[in-house]
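Note on naming: letters A, B, ... go to the chains in the order of the sequence lines (proteins, then strands), and numbering restarts at 1 for each one.
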There are 2 protein chains.
Amino acid sequence: MSSVVVINQRARSAEQKALRRQEVLRAAESYFQEVGFEAFSMAQLATKTGIAKGTLYLYFKTREEIFLTLYDQSLIRWSSAFIATLSEDMTSNAYAQSLYKTTHTDGVFLPLLIRLEHVIEHNVAIPRLIESKRVFMQQVDAVAKVTSSALALGTAQANEVVKTMGVLLIGATQTDQRPALDNEVLPADVQHLITSFSSEPLFVKNAVRIIESIRAEALSNG
Amino acid sequence: MSSVVVINQRARSAEQKALRRQEVLRAAESYFQEVGFEAFSMAQLATKTGIAKGTLYLYFKTREEIFLTLYDQSLIRWSSAFIATLSEDMTSNAYAQSLYKTTHTDGVFLPLLIRLEHVIEHNVAIPRLIESKRVFMQQVDAVAKVTSSALALGTAQANEVVKTMGVLLIGATQTDQRPALDNEVLPADVQHLITSFSSEPLFVKNAVRIIESIRAEALSNG
DNA sequence: CAGTTGAAATGACCGCCGGTCATCTATATA
DNA sequence: TATATAGATGACCGGCGGTCATTTCAACTG
């Protein structure tokens, strides 16, 4: 028998508190998708959630702890979505394409990922950081395991692939975070430059190069 | 005959104004190295420069225009420093090592590079942005040209190498921007994770993989 | 040399930010 | 019903990027 948990005005039980925390996170995620990282304000989030600003700080120590939690959740979502697209013996290209696509369908994963280490982690308590790193390791392991059979690689090589894909993804994604310059008239040379840094081919091409190299190394090293 | 330009209290001529602008930039660069991106405040910069806050805005439209200008300058510095280390017919490994090293000796280049597209460019006037992109293209061309002879590649391949190195560098560098966790006691597993994401091997290894792939493609495509 | 002028310089001021905490009040319990 | 506990509140804080009416000085004029 599970009883319906309703939060009248105050969350007293641990269950109610967890529920309210989730309410905040749900509001935060939708608000984040609206306005992005820089314009995200705690006062506005409080309004959107329907609680007072001070109350937010009963559930999260800092603004960045909210972002870190959203990141953790989106990482978990992504890893299971990506794993679901993998099958045995894929081409490097298919693998890279799927990785790119799945990371880009989630509205919050990449924007948070690229700000993780140089902004978010700088205003988070150490124990919370450790917790997040554990989530990260767990997800990497899960993805590496399936990668191993998808690309026919050993455990070590599969881990290397996953790790490297992360690095490449961050670099290639940078370019998607540029301000929208649509309906701006740009000189042809600048327009060409921007086009030539389109993230998808940049990522996929180099992902394939790296995967193939790691494959070749695995063969020549036994 | 060049006359010495001294700025008493007011910069009236274009020459004096350019000089004062450089003074601001010099102070900004040293201040940036002290406190980093997030803690960099215009009021403090004004104090360090020895002028009033409002005066800063006579020389730069926004805080981000200062950062963009520092970035442009550091890019130019880096490209000439890197070019100076290149010689004919280098190994991919030597090339990658040198690229890594030269980017990491400048104190402001990488921190600005990784914030370029998702923060800095969002608060800069379009004409200024175009100017900066032109500087970028110019430097990429210069580096690509020397890369072409250093790695014995055609122009197209050399450009591809340079472009891709940038992407990889941003991704691999992310990890250096983590908060300093020295004298924090971390669990062994987390400590191991952090160690395994050390930026130098991450960059160099994959840079070599990519360069070698591009080389191989060049051979097989004629 | 004094008087005039225009632009460089100033800093008080604005709205907003993340975060705090004395105070209030809904709820569980006695 | 009275009391104790703890969740919720929002006025308040210092500091932020950026603005602009006002001040001040260098250069020009006669």
ask   = How close or far is atom P of D:dA8 from atom CE of A:Met42, stated in whole angstroms?
value =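 So the CE-P distance, A:Met42 to D:dA8, works out to 15 Å.
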
key: Closest-nucleotide ordering on DNA chain C, the 5'-leading residue of B:Tyr59 and A:Glu64   =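 Looking at the nearest nucleotide for each, B:Tyr59 comes out on the 5' side.
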
task = Just jot down the side chain to side chain contact (heavy atoms under 4.5 Å, CB included) partners of A:Ile76, sequence neighbours excluded, or say none.
result =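 If we apply the side chain to side chain contact (heavy atoms under 4.5 Å, CB included) test to A:Ile76, skipping adjacent residues, the hits are A:Val135, A:Gln139.
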
inquiry  = Just to verify, what does A:Gln22 make a side chain to side chain contact (heavy atoms under 4.5 Å, CB included) with, not counting sequence neighbours?
reply    = A:Leu25, A:Gln73

request  = Look at the aromatic rings of B:Phe109 and B:Trp78 and report parallel, tilted or perpendicular, splitting at 30° and 60°.
outcome  =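 Answer is parallel, since the angle falls under 30°.
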
Distance below 4.0 Å between B:Asn123 side-chain N/O and D:dG18 OP1 or OP2 = yes

inquiry  = Going by the rule ring pair (Phe, Tyr, Trp, His ring centres under 6.0 Å), which residues pair with B:Phe37 if we only count those two or more places apart in sequence or in a different chain?
reply    = B:Phe67

key: B:Tyr59: partners by ring pair (Phe, Tyr, Trp, His ring centres under 6.0 Å), with sequence neighbours left out   =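 Counting only residues at least two positions away or on another chain, B:Tyr59 forms no ring pair (Phe, Tyr, Trp, His ring centres under 6.0 Å).
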
key: Contacting residues from residues 112-121 of chain A, given that a heavy atom lies under 4.0 angstrom of DNA chain D   =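 When residues 112-121 of chain A is checked for heavy atoms under 4.0 Å from DNA chain D, there are no hits whatsoever.
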
key: Near-strand residues of residues 46-58 of chain A, defined as heavy-atom separation under 4.0 angstrom from DNA chain D   = A:Ile51, A:Ala52, A:Gly54, A:Thr55, A:Leu58

Value rounded to 0.5 Å, distance of CG in B:Leu193 from NZ in A:Lys133 =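 Here the rounded value is 6.0 Å.
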
ask   = From B:Lys205 NZ over to A:Glu160 CD, what is the distance, rounded to the nearest 0.5 angstrom?
value =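 Rounded to the nearest 0.5 Å, the NZ-CD separation comes to 4.0 Å.
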
query = With a 4.0 Å cut-off on heavy atoms, is A:Arg63 in touch with a base, just the backbone sugar-phosphate, or nothing at all?
reply = sugar-phosphate

query = Touch check for B:Phe60, heavy atoms < 4.0 angstrom, all strands: base, sugar-phosphate only, or nothing?
reply =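 The answer is nothing, as B:Phe60 stays clear of every strand by at least 4.0 Å.
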
